[in-house]
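So that the names make sense, note that chain A is the first sequence line, chain B the second, and so on, each numbered from 1.
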Amino acid sequence: MTEYKKVLPTVDDVSKGFWDACKKHQLMLQKCSDCGQLVAYPPMKVCPGCLSTKLGWIKASGKGVIYTYSVIHRTAAPGWKDEVPYLVLIVALDEGPHMYGNTLGVKAEDVACGKKVEVVFDEVTPEISLPKWKLV
Amino acid sequence: MSLKDKYAIVGVGDTKYGKHPGLSHYDLNVIAIKAALEDCGLTNKDVDCLLTKAPVSGFQFGYSSVICELIGIEPVVTGTIDVMGATAGVMVQTAMGMIEAGLCKVAVLTYGDNPVTGVNPYGGVAWEKMWGDPGMFGMYGAPAKYSLFARRHMHEFGTTPRQLGAIKVACCKHALLNPKAQLQKAVTIEEYLNSPIIADPIRTFDSCLVSDGGGAVIVTSAERARSLKKKPVYVMGYGQYARAQQEYSKLNLMDGPARKSGEMAFKMAGVTPKDIDVAQIYDCFTITAMITIEDYGFCKKGEGGSFVEGGRIELGGQLPVNTAGGMLAECGLSGFQGIIEGTRQLRGECGPRQVKDAEIGLVDNEGGTMQTRSTLILRR
């Protein structure tokens with residue numbers, strides 16, 4: 001496997017559940033068992049709704065629509081220079097929260113706000129599979 | 001207990017903007033403070049409150065205390081505030097509250113920075129790397145973040161690049177009438193459209209300058225103001241608001257914090273957007289200014305594109321905006337330049353770029369990517 005040169009996510013106590021599930025190709029959301037608030041990536045230690053620490057994991061459908069997007073032509077993001085132009089989306093998950101994501105196998109000219117997307121997983125290193133998005 | 005018209009901006013001071021290779025950010029603060037004191041005829045001995053915005057080009061624990069030493073004062077009140085680019089306007093409001101509370105009488109508010117020639121702890125433009133993991137997605141830097149706002153605005157309202165470009169064109173026109181402005185070159189719409197794309201739809205010409213420089217303002221009571229050198233510029237109304245979440249947490253990027261900050265300010269001032277003769281709107285990016293003009297109610301949400309066309313925001317138009325060039329052409333420092341120009345306009349000091357009979361002005365300051373906001377409504 002070619003070396004992955006880009007910034008990898010920080011896997012720690014808070015985010016381990018998210019990344020373990022990504023390895024199994026499952027997108028997860030946090031849900032607060034005290035107030036029901038949902039939190040998409042990045043995971044939090046404390047519920048932003050009620051400040052409870054009782055944030056558990058639930059399975060996300062992996063479906064959403066493109067809320068907005070950018071086609072990056074110039075970047076200082078480490079490891080991304082060779083990828084330009086590349087897409088970055090904000091996906092509005094069907095469950096409600098929004099999250100950042102890159103695309104897999106999608107042309108910039110085919111993208112538009114409001115288009116439906118579905119998550120796919122890109123096994124970029126032996127440890128990390130990244131959730132990415134394809135058009136449906 | 002309204003503070004409407006009880007306080008005034010009495011002194012303003014700024015450096016030229018651009019590159020200051022021999023000057024530290026400490027120096028830039030001192031130069032600006034000295035200029036502001038001379039502007040109102042006060043001395044450092046009169047100052048009992050000093051508030052600073054910390055520079056991006058260096059970290060110093062107790063920053064405002066260093067500035068106090070450099071200008072030889074022992075104030076009652078000092079401190080550093082960081083709400084990013086909204087700080088300057090927030091400091092004016094904080095100073096008014098401190099004076100009202102009886103803690104002090106004369107407040108000097110200052111920001112000096114040298115991101116161009118100084119040592120940058122982040123290895124690039126400081127605000128490229130903000131918090132969180134967005135770098136993981138290749139989302140890095142303010143232009144990329146604002147492209148998300150611009151794309152959504154185009155999707156919801158049909159806004160065009162040409163309309164964004166009208167803001168750059170207006171700011172550049174105004175900067176030509178300001179000898180201190182960093183950019184002294186007119187820009188046509190065609191040049192704007194041909195400028196390189198950083199993150200579609202944001203072009204280099206949508207992005208503010210990066211500047212070394214410093215600015216300071218002095219606030220005191222209306223009574224004291226009337227005994228000083230220049231005509232006081234009174235604070236009629238103020239407001240603040242923070243939509244502090246990042247772009248991926250906010251469900252509606254089209255509703256900026258200026259809406260609520262503005263409501264507060266207009267209510268306190270007892271005026272409406274129609275009463276504003278001149279506006280300084282935070283323009284770190286063209287899209288920022290456009291969304292903000294809508295948020296303040298100068299036009300309906302979504303109509304910002306047509307509002308900025310046809311010279312409406314240029315000198316001589318219905319609502320002159322960023323009359324010294326704004327961040328797009330005067331300087332990119334996220335500091336006092338809007339407050340300083342707003343004050344000078346209401347004093348009638350602006351010469352060729354003076355808005356005729358300007359009586360009431362609005363000054364807008366933003367922090368982060370539409371995350372914090374300050375609104376000031378000033379009058380002569």
Side-chain angles (χ1 to χ4, degrees), chain A residues 4-12 15 18-19 38-44 48 65-93 96-103 108-109 111-115 124 128 130-133, chain B residues 120 122-159 161 195-204 206-207 210 243-254 285 287 291 369-370:
Chain A
Y4 188 74
K5 292 192 189 118
K6 306 184 190 90
V7 170
L8 283 165
T10 319
V11 182
D12 54 20
S15 63
F18 183 86
W19 295 112
L38 293 176
V39 178
Y41 188 84
M44 300 183 84
V65 302
I66 297 174
Y67 175 71
T68 187
Y69 65 95
S70 179
V71 186
I72 313 271
H73 289 250
R74 290 185 177 184
T75 185
W80 282 86
K81 208 173 109 179
D82 296 333
E83 306 281 340
V84 300
Y86 58 88
L87 279 159
V88 183
L89 313 177
I90 292 183
V91 175
L93 302 173
H98 290 191
M99 63 180 276
Y100 269 141
N102 298 113
T103 52
E109 53 264 31
V111 165
C113 298
K115 279 199 171 178
V124 296
I128 297 283
L130 293 177
K132 293 188 180 177
W133 301 87
Chain B
N120 194 305
Y122 299 102
V125 177
W127 45 91
E128 268 186 6
K129 190 171 181 9
M130 293 177 82
W131 56 93
D133 262 351
M136 193 181 96
F137 301 100
M139 174 52 64
Y140 207 78
K145 293 195 171 205
Y146 275 105
S147 70
L148 300 166
F149 290 80
R151 175 60 58 198
R152 185 71 195 182
H153 204 268
M154 290 174 167
H155 167 75
E156 283 197 38
F157 309 118
T159 303
S195 68
I197 291 192
I198 304 177
D200 202 311
I202 294 291
R203 295 168 157 78
T204 52
D206 287 298
S207 317
V210 184
R243 289 201 72 204
Q245 305 88 340
Q246 297 206 59
E247 311 60 59
Y248 51 81
S249 296
K250 293 199 272 258
L251 300 189
N252 179 7
L253 296 185
M254 301 296 90
F285 290 85
I287 184 64
I291 291 175
T369 41
M370 310 207 72

| Region of S70(A) that comes under 4.5 Å of a non-hydrogen atom in chain B | both
| request: Report the option among S147(B), S249(B), P143(B) that has the most heavy-atom pairs separated by less than 4.5 Å from atoms of chain A. | output: S147(B)
| query | Are the side chain of K145(B) and the backbone of T369(B) linked by a donor-acceptor contact shorter than 3.5 Å? | reply | no
| note | The interface call for Y86(A) against chain B, heavy-atom contacts under 4.5 Å, is side chain
| Option that, when pairs with chain A are counted at under 4.5 Å, heavy atom only, ranks first among H155(B), M154(B), E156(B) | H155(B)
| request: Answer with yes or no after comparing the ring centroid distance for W19(A) and Y41(A) against a 6.0 Å cut-off, counting only values under it. | output: yes
| Structural part of P78(A) lying under 4.5 Å from a heavy atom of chain B | side chain
| Considering only heavy atoms from C-beta outward, does the side chain of V71(A) approach that of I197(B) to under 4.5 Å? | no
| task | Examine whether an atom of I202(B) lies under 4.5 Å from a heavy atom of chain A, and if so say whether it belongs to the side chain, the backbone or both; otherwise answer neither. | result | neither
| message | Set out, in order, the CA-CA distance, both residues' side-chain angles and the distance that settles side-chain contact (heavy atoms from CB on, under 4.5 Å) for L87(A) and W133(A), then state yes or no. | response | CA-CA 10 Å; L87(A) 279 159; W133(A) 301 87; over 6 Å; no
| message | I'd like to know if the side chain of K132(A) reaches the main chain of N102(A), judged simply by a donor and an acceptor atom lying under 3.5 Å from each other, with no hydrogens or angles considered. | response | no
